2 protein chains.
Amino acid sequence: MSIATVSRVINGNYPVGKKTRQRVLKAMKDLGYSPNHVARSLALQSTSTIGVVCTDLKNPYFVEMIEQIQLVTAGSSLQLLLQNTSVAENERDAVQLLLDRRVDAIIFIAHHEELDDVEHITSTAKMVPVVLIGQELPGTKVMSICAEEEQGMYTLGKQLLQLGHRNVLFLGGKEGSHPTEVKLRGLRNAFALNNDVRLEVELTGYQYTAANVLEDRIAGGLLQWCTAIVAVSDYVAIGALNVLDANGIRVPTDITVTGFDNIFWATCVRPKLTTVEPNKELLAQNAVHAIMNALDGQASIGKVLVPSELILRGSHRSIISK
Amino acid sequence: MSIATVSRVINGNYPVGKKTRQRVLKAMKDLGYSPNHVARSLALQSTSTIGVVCTDLKNPYFVEMIEQIQLVTAGSSLQLLLQNTSVAENERDAVQLLLDRRVDAIIFIAHHEELDDVEHITSTAKMVPVVLIGQELPGTKVMSICAEEEQGMYTLGKQLLQLGHRNVLFLGGKEGSHPTEVKLRGLRNAFALNNDVRLEVELTGYQYTAANVLEDRIAGGLLQWCTAIVAVSDYVAIGALNVLDANGIRVPTDITVTGFDNIFWATCVRPKLTTVEPNKELLAQNAVHAIMNALDGQASIGKVLVPSELILRGSHRSIISK
DNA sequence: CTGTTAGCGCCTTCAT
DNA sequence: ATGAAGGCGCTAACAG
């Protein structure tokens, strides 16, 4: 029989006779035939794969997001092509590679905002659907799914206030970076009504080593004024726990520490980390659905916000003496 | 000019005139042309991508292995197509999907040994190079790169002996599973000369929840006899730390706990985990190189062993009274 | 050194 | 309901 018929039984999008179908199916088993997805992609001009770029596989937040995304795409025929761009300069190449491989869309779990221009992203968004998680590029075609980080941080800030904290150090993140700026805004808003609050900021990056700055801070008398460290992420917060521990400082007795992201390991460190859950599941669902809709030709949503939730565990304490 | 010429300047594998090259290069920039990797793959019968399958992205060991593999392939044009098969039944589909997408080779960071037949692996190995990390399929074409887990466990066992431990519980893993069997063998060999050793075994799987069995064990008087818990992995060991902590049992004061894999988080829990480093870097290098060689038509290595190293940290202690 | 041609394996429109 | 033919974008062998 003809090639075309085989194609039709495989895709089932055209009528095929019962008997012919059986015959084809049998032949496929016998010959151990498996459809060539590459040729299929070329013909269809669609690879059924979506590129996923993150900046650091060492940070469990990204891995957990990837897992969530996989869960959402599991039903469909979509595959993920991962790309992690530990160094900023790689980001353009990573995107280009994804484009060369003709991914149908791209999800940025994070992109390097320190890159002076984001043309590689905005121009990509003109070719395929692009969604940013936790960041945004207003005025462009790139879609955005964000957790309510500002709200989350605001709630956390209010909580600290209520526990008596007035002197806090914000740790990690980067100036001009969306996740950092948004969190700082939330925190500052929470403190806005209390003019006795002292908020210092150490924007030492998103790496685990971001907490190393505490060594100097401790030597410089951190404990003399600061009662709470608010980290930009759990990953950094756990780094902080390690540095504090190495210096004989007890958490939360001597100092309060909070994180953000609610990664799995937040419950494995001691004390267990007080943090904010950005709702990774909803983030992933929205991101994938936004892409599926765009792929279906529907109008792209600009930006969607997903609620986040404060999670109180053991790394904070009240410093109000009764 | 002709299509072929363009192809030649892109690949640089055929002579092209200086002027023509310039002209082509310029045109590529102007048109924003990017080579279609899909078409290229179809023509070359090679996708430059290698499939990577693991069983659980939640276990950082797998993620760290993926990172190491990426580091090795970074120089080349090889990309990784990830596939994680949390449930065993998915493994066959995962492999088939990889085959459909015509990956050039497959690396199993782990495969589900509970599957009664592994024909989907052995038959795959006849089509593309296949390497197993940490497991083996002797008598087949599938290659194997293993850490010296037996030796590592042996060393750990000897160390425990020397610290006075004679009553240990092996925790996690699965009966008939290579990583489990090999580790148990190493441990038993270490204890072989001491007939006063009591070794019990709880093969409750590789999940984080494998440690939950300790709840019952504790209720059943674990502390009355056992002085050391040897976990099949750091992941399970950290689960154990959490369960013990929840039950008010102190490590290592009340009981010693050891892990395996030396994952990053082993240094973030308290106490820091005593463990064995399987040398993930060498594992990855060997795996990728084995594949590259096979792709180059060289004879495939059957199995290679990579040394592992005992790492003493804080989760063990001597119970010899002076 | 460069242009022409024939596939790679599949999908799809057009006939039948 | 099925077969034939053209094309997806690229590479490789063959001519010039």
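The chains referred to below are lettered A, B, ... by the order of the sequence lines, with proteins before strands, and numbering in each begins at 1. Note that the structure is predicted; figures quoted are calculated from it, not measured.
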Nearest whole Å is fine: how far is [N] [atom2] from [X] [atom1]?
X: A:Met28; N: C:dC10; atom1: CE; atom2: C1'; value: 13 Å
X: B:Arg21; N: C:dC1; atom1: CZ; atom2: C1'; value: 11 Å
X: B:His37; N: C:dC8; atom1: NE2; atom2: P; value: 19 Å
X: A:Leu42; N: D:dC8; atom1: CG; atom2: C1'; value: 4 Å
X: A:Lys18; N: D:dT2; atom1: NZ; atom2: C1'; value: 17 Å
X: B:Arg23; N: C:dT2; atom1: CZ; atom2: C1'; value: 11 Å

Give a yes/no answer on whether the side chain of [X] brings an N or O atom under 4.0 Å of OP1 or OP2 in [N].
X: B:Thr5; N: C:dG3; result: yes
X: B:Tyr33; N: D:dC10; result: yes
X: B:Asn36; N: D:dC8; result: no
X: B:Thr20; N: C:dT2; result: yes
X: B:Ser2; N: C:dT4; result: no
X: B:Tyr14; N: D:dT11; result: no

Sugar-phosphate only, base, or nothing, as touched by [X] at under 4.0 Å among non-hydrogen atoms:
X: B:Ser41; result: nothing
X: A:Asp100; result: nothing
X: A:Leu44; result: sugar-phosphate

Comparing A:Lys19 and A:Gln45 on DNA chain D - which has the more 5′ nearest nucleotide: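 Looking at DNA chain D, the more 5' nearest nucleotide goes with A:Lys19.
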So which one's nearest nucleotide on DNA chain D is more toward 5', A:Ala43 or B:Asn13? A:Ala43
Determine whether A:Tyr206 and A:Thr180 satisfy the following criterion, side chain to side chain donor-acceptor pair (under 3.5 Å), listing intermediate values before the conclusion. CA-CA 10 Å; A:Tyr206 291 105; A:Thr180 300; 2.5 Å; yes
Polar contact flag, side-chain donor to acceptor under 3.5 angstrom, B:Glu113-B:His178: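 No, B:His178 and B:Glu113 have no side-chain donor paired with an acceptor closer than 3.5 Å.
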A:Arg102-B:Ser34 side chain donor-acceptor pair, cut-off 3.5 Å: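 Yes, because at least one side-chain N or O of A:Arg102 sits under 3.5 Å from a partner of the opposite role on B:Ser34.
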I need the B:Gln70 CD to B:Gln79 CD distance, nearest 0.5 Å. 8.0 Å
Nucleotide nearest [X] when distance is taken to its side chain, options [options]:
X: B:Ala4; options: D:dT2, D:dA12, C:dC10; answer: D:dA12
X: A:Ala39; options: C:dT2, C:dG9, C:dT4; answer: C:dG9
X: A:Arg40; options: C:dC10, D:dC10, C:dC8; answer: C:dC10
X: B:Ile3; options: D:dA1, C:dG3, D:dC10; answer: D:dC10

Is there a donor on the side chain of A:Arg8 or the base of D:dG3 sitting less than 3.5 Å from an acceptor on the other? yes
Considering only heavy atoms from C-beta outward, does the side chain of A:Ile106 approach that of A:Leu99 to under 4.5 Å?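 Yes, close enough: below the 4.5 Å cut-off.
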Using the ring of each side chain (for Trp, its six-membered ring), is A:Tyr235 parallel, tilted or perpendicular to A:Tyr208, with breaks at 30° and 60°? tilted
